[in-house]
Amino acid sequence: MTTEANPASNDLDALIIGAGFSGMYQLLCLRDRLGLSARVLEAGDGVGGTWYWNRYPGARCDSESHSYCYSFSRELLQEWEWSERYPGQAEILRYLDFVAERFDLKRDIRLGTRVVSAHYDAFSNRWRVTTEKGEHFTAKFLITAVGCLSTANVPAIPGLEHFEGRWFHTGQWPHEGVDFTGKRVGQIGTGSTGIQSAPVIAETAAHLTVFQRTANYSVPARNAPLTPEFKQWVREHQDDIQAITHSTPNAHPFRIADRSVFDVTPEERQAIYEAAWEKGGLQFRATFRDLLLSKEANDTAREFLRGKIREIVKDPKTAKALADIDHPYAAKRPPIDTNYFETFNRDNVSLVDVRKDPIVAITPTGVRTRKKDHPLDLIVFATGFDAMTGPLLRIDIRGRDTLSLADAWHAGPRNYLGLQVAGFPNLFTITGPGSPSVLCNMPIPIEQHVEWITDCIAHMRRHGLTRIEPREDAVDDWVEKVNAAAAATLLPQAHHSWYLGANVPGKPRVFMPYAGGMVRYRKICEEVVAKGYEGFVLSR
Ligand code: N01
C-alpha cells in the first residue's frame, strides 16, 4: 500500500466523492492521520456540499450552531465563533471554507469534477473511477461522501418545458440569487425548505402562491443573534456539549425529557408544550420521551400544534387547510420556521391546497390546477430530493462481477451498518441508507462514520489486509434491524415521507435511515470492531 501522497498521480490509496462535511473530514483523516494518498472529487465549484448548493432564500440550519460543527479539533472549536442560534447558509459555507483552508485540504480537492462511474476491478483490487470530463482515477478505497439530500427532485409536471417564466429548484439555487421584486411567484412544496423560503420570498414578491400537497407542522425557530455570554459559555463548555450530543439519540445538544406524555396532567402538559413553543426549535420534540412511540401521546402534541396554526392564521379557510395534517408530529422531519404561518396573513400570499385542487399542468404562463389557472412569473420547486439512495444511484457504481448498485438495491437499499454493501469491496458509504444520519444532527454521525472508516483502514494496514466487504448474512441482519427500529416508532406512519422514498414515483418504499438512535448505533459499531470486525470478511 502506498504511504506517500503523490499529488500528481491519479492512482491513489483512497478516492472520496464529495467535499461537504463528510468528504473534507475523511480526507483529513486518511491523508494527515494515516498518511495515505487521498483525493476528493467534487462536482461543485466550491467546497460545502449541501451548503454549496442550497442557497435558496431563508436557507438556515435547523440544528443549533454550537452543535452544528466539527468537534474533532479543540483548536478549531476555539477559533470559530457562530453568530446566530441557527447558522444561515452563507455562514455555514464560510465555516466549511475556513476548515478547508485551516487544514490545507483544498490542494487535494478537485472541484468541478463530477464522478459518473466507479467500477471495481477484482484482479487489481482497485476502483476505477471516471468523471464527466472523461478523466480516470484508480484507488484501493472508494468512499462516497455524497450527502443524503443532494439529488434534486423536480416533479414531472406536464408542460414545464414550455413555461415562459423562470423556475428554480431550491437545491440548485443560482449563486447570484433571484430577484422576486414585483414578481408573481409560485412555490410548490411545504417541507422544511418551503417553510423556510416562503416567508422570505413573500417579503419582496408582488404575490406568492404556495401550493401545498401535504400540510405540515412547524415550530418557531426563535432564531436570534448569540449573546457574548452564550458564545463564552460555548467556548468554555465544549466537553459538556459533546457529552450531550454523544449521549442523546438525535445527537442534538439537548436531552430528551425522561417523562411520558401521560405522566403529567393535561394542564402540566399544556404548560410544557407552551414553554417549548416559546423556546422554539427541535427541542419541542424532546419534551416527552414517547412522542414518537405512542399515537395517543403524539396526538397531544399534534393537537397543540394544530391549535397554534388556527390561532396564528387569521383566514379560517387557510388555517383549516394548513392545519389539516395527516401524519403524526415528527413522523416526517419536523420543520422549524421564522414566521411561516404568519406569512399567510399577508395580503400578497395565498395558499392552494393541491390535495383538493391538484396541479394538472404547467402552462406557458403559470400553474394550472384542476379548478383554476394561476398566472406566475416564477416557480420555486421546494419539492425535495431523491433522498439517500439517489445521490449514490446516479453514479454507475459496479462491484464484483460487474454487479451494479442499482441492481443490488432494486428492491431498496441493503447494506451493513449503512457503511458497506455486499459485493462492493473497499467501498464505504458515509451516511448511507441504514445509517442514523438524517434522523440526527448530521455532523455527529458524520464524524463517527469517518472515524470508524479511518480506524478500519488503519486496522487493515496494520494487519496487511487489502480487502473488506460485509457478509450477506450480516447485511440481512442489519436490514432487519433497520426495519425493526423504524417499526418500533411512528415514523413509518407518514406514508408520503422521503424517509420511505415515497416522494419519488417508482422508488421502493423502504424506511431508509436507522431509527435506533445514534447512541445505540455507535455502540453497535464499537461492538463489531471489538469482535474482530464481526460481519465483515477481511482478506489479503
Ligand atoms: O423536501 P421535502 P425539503 N406536487 O421532501 C412537495 C432537510 N432540510 O427540501 O409531502 C406538489 O421534505 C411535498 O409534498 P408531499 C431536512 O432533512 C434541512 O423541504 O410529498 N407538491 C413536500 O411538501 C428535510 O426534511 C434543512 O405531499 C409536491 C415538499 O414538496 C429535507 O432536507 C432545511 C410535489 C417537499 O418536501 C428535505 O426537505 C431544509 C408535487 N409533484 C431541508 N412533489 C435545515 O436543517 C413534492 N411536493 C436547514
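The model shown is predicted, which means the values in this text are computed figures rather than measured ones. First listed ligand is number 1; within each ligand, the first listed atom is number 1.
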Query raised in the report: Does ligand 1 have an atom under 4.0 Å from some heavy atom of Trp51?
Result: yes
Report task. Ignoring hydrogens and angles, state whether a donor on the side chain of Asp386 or Thr151 is under 3.5 Å from an acceptor on the partner side chain. Result -> no
Query - Reference residue Val185; test side-chain contact (heavy atoms from CB on, under 4.5 Å); the match among Ile379, Val380, Thr204, Leu376 - result: Val380
Query - Heavy-atom side-chain proximity of Trp173 to Val178 below 4.5 angstrom - result: yes
Report summary line: Note: ligand 1 atoms sitting under 4.0 Å from heavy atoms of Thr190 are 22 (C), 23 (O), 29 (C)
Query raised in the report: Which of the numbered atoms in ligand 1 are below 4.0 angstrom from a heavy atom of Arg60?
Result: 44 (C), 45 (O), 48 (C)
Query raised in the report: Would you say the side chain of Leu93 lies within less than 4.5 Å of the side chain of Tyr52, judging by non-hydrogen atoms?
Result: yes
Query - side-chain hydrogen bond (donor to acceptor under 3.5 Å, both in side chains) partner of Asp377, chosen from Lys183, Arg184, Arg166, His207 - result: Arg184
Requested in this report: Fit a plane to each ring of Trp82 and Tyr95, take the angle between them on a 0 to 90° scale, and name the class: parallel (under 30°), tilted (30 to 60°) or perpendicular (over 60°).
Outcome: tilted
**Report entry** Heavy-atom nearest option to atom 25 (O) of ligand 1, drawn from Tyr499, Trp498, Tyr86, Phe381
**Finding:** Trp498
Report summary line: Atoms of ligand 1 under 4.0 Å from any heavy atom of Thr214, numbered from 1 in the order shown, are 10 (O), 15 (P), 27 (O)
Report task. Would you please classify the geometry between the His237 ring and the Trp233 ring as parallel, tilted or perpendicular, with 30° and 60° separating the classes? Result -> parallel
Query raised in the report: Taking the non-hydrogen atoms of Phe385, is any one of them nearer than 4.0 angstrom to ligand 1?
Result: yes
Query raised in the report: Is there a nitrogen or oxygen of Ile188 sitting under 3.5 Å from a nitrogen or oxygen of ligand 1?
Result: no
Report task. May I ask you to list the atoms of ligand 1 that are less than 4.0 angstrom from any heavy atom of Thr193? Result -> 3 (P), 9 (O), 19 (O), 38 (O), 39 (C), 42 (C)
Query raised in the report: Heavy atom under 4.0 Å from ligand 1: found in Ser192's side chain, backbone, both, or neither?
Result: both
Query raised in the report: Would you say Val438 touches ligand 1, if touching means a heavy atom closer than 4.0 Å?
Result: no
Query raised in the report: At the 4.0 Å heavy-atom cut-off, does Gln212 count as touching ligand 1?
Result: no
Requested in this report: Check the angle between the aromatic planes of Tyr521 and His449 and answer parallel, tilted or perpendicular using the 30° and 60° thresholds.
Outcome: perpendicular
Requested in this report: Might you confirm whether atom CZ of Arg355 has over 12 heavy atoms from other residues, nucleotides or ligands at distances under 6.0 Å?
Outcome: yes
Requested in this report: For ligand 1, indicate whether the residue Ala59 contacts it via side chain, backbone, both or neither (heavy-atom separation under 4.0 Å).
Outcome: neither
Query raised in the report: Hey, which atoms in ligand 1 end up nearer than 4.0 Å to a heavy atom of Leu149?
Result: 7 (C), 17 (O), 31 (C), 32 (O)
Query raised in the report: Can you find a heavy atom in the side chain of Phe21 that is under 4.5 Å from one in the side chain of Glu447?
Result: no
Query raised in the report: For ligand 1, does Tyr56 get within less than 4.0 Å through its side chain, its backbone, both, or neither, judged by non-hydrogen atoms?
Result: side chain
**Report entry** Contacting atoms of ligand 1, where contact means under 4.0 angstrom from a heavy atom of Gly189
**Finding:** 6 (C), 23 (O), 29 (C), 30 (O)
Report task. Check ligand 1 against Asp62 and write out every atom of the ligand that is under 4.0 Å from a heavy-atom position of the residue. Result -> 44 (C), 45 (O), 48 (C)
Query raised in the report: Is the closest N or O pair between Asn153 and ligand 1 shorter than 3.5 Å?
Result: no
